[in-house]
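The structure appears right after this line, and notes come after that.
Starting from 1, each residue takes its place in the sequence as its number.
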Amino acid sequence: MSTPQFDHPDVVLCPGGPMLLRGDHVIEDPDGVAHRTSRPVSAVCRCGKSGSQPWCDGTHKVIPRANARP
Ligand code: FES
């Protein structure tokens, strides 16, 4: 059985960083507020430290690797 190959996956989990979403999506934050993506590729924070939740603002880059999600 072979692994399927995709040119452009819709969701990419970046090690220690955000989840990249390709295309139009609606993201619900922990408060239940819906946020619509507005870019061809949107970065959703997975570290919980972004100052612009639910979007990644690059803060994960300064978090010690031991505290980051894989
Ligand atoms: S994943 Fe980038 S700031 Fe959280």
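Side-chain atoms of Arg36 do not come within 3.5 Å of backbone N or O of Val26 as any donor-acceptor pair. Side-chain atoms of Thr37 never come within 3.5 Å of backbone atoms of Arg39 as a donor-acceptor pair (strictly under, hydrogens ignored). Put simply, the side chain of Asp57 never gets that close to the backbone of Ser50: no donor and acceptor are under 3.5 Å apart.
Two different hydrophobic clusters hold Val12 and Val44 under the rule that ILVMFWY side chains link at heavy-atom gaps under 4.5 Å.
Residues His8 and Arg22 form a side-chain contact, since some pair of their non-hydrogen atoms from C-beta on lies under 4.5 Å apart. The side-chain heavy atoms of Gln53 and Cys45, taken from C-beta on, include a pair separated by under 4.5 Å. The closest side-chain heavy-atom distance from Trp55 to Ser42 is below 4.5 Å.
Put simply, NE2 on His35 and NE2 on His25 are 15.5 Å apart, with the number rounded to the nearest 0.5 Å.
Counted within 6.0 Å of CG on Asp24, heavy atoms from surrounding residues, nucleotides or ligands total 12 or fewer; the atom is thus considered open.
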> Checking side chain to side chain contact (heavy atoms under 4.5 Å, CB included) for the pair Val33/Glu28: CA distance, chi angles, key distance, verdict?
Replying inline: CA-CA 5 Å; Val33 177; Glu28 185 174 290; over 6 Å; no
>> Evaluate Leu21 against Ile27 for side chain to side chain contact (heavy atoms under 4.5 Å, CB included), listing each step before the verdict.
In response: CA-CA 10 Å; Leu21 297 177; Ile27 308 300; 3.3 Å; yes
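Across every non-hydrogen atom of His60 and Cys47, the tightest pair is CB-SG, 3.9 Å.
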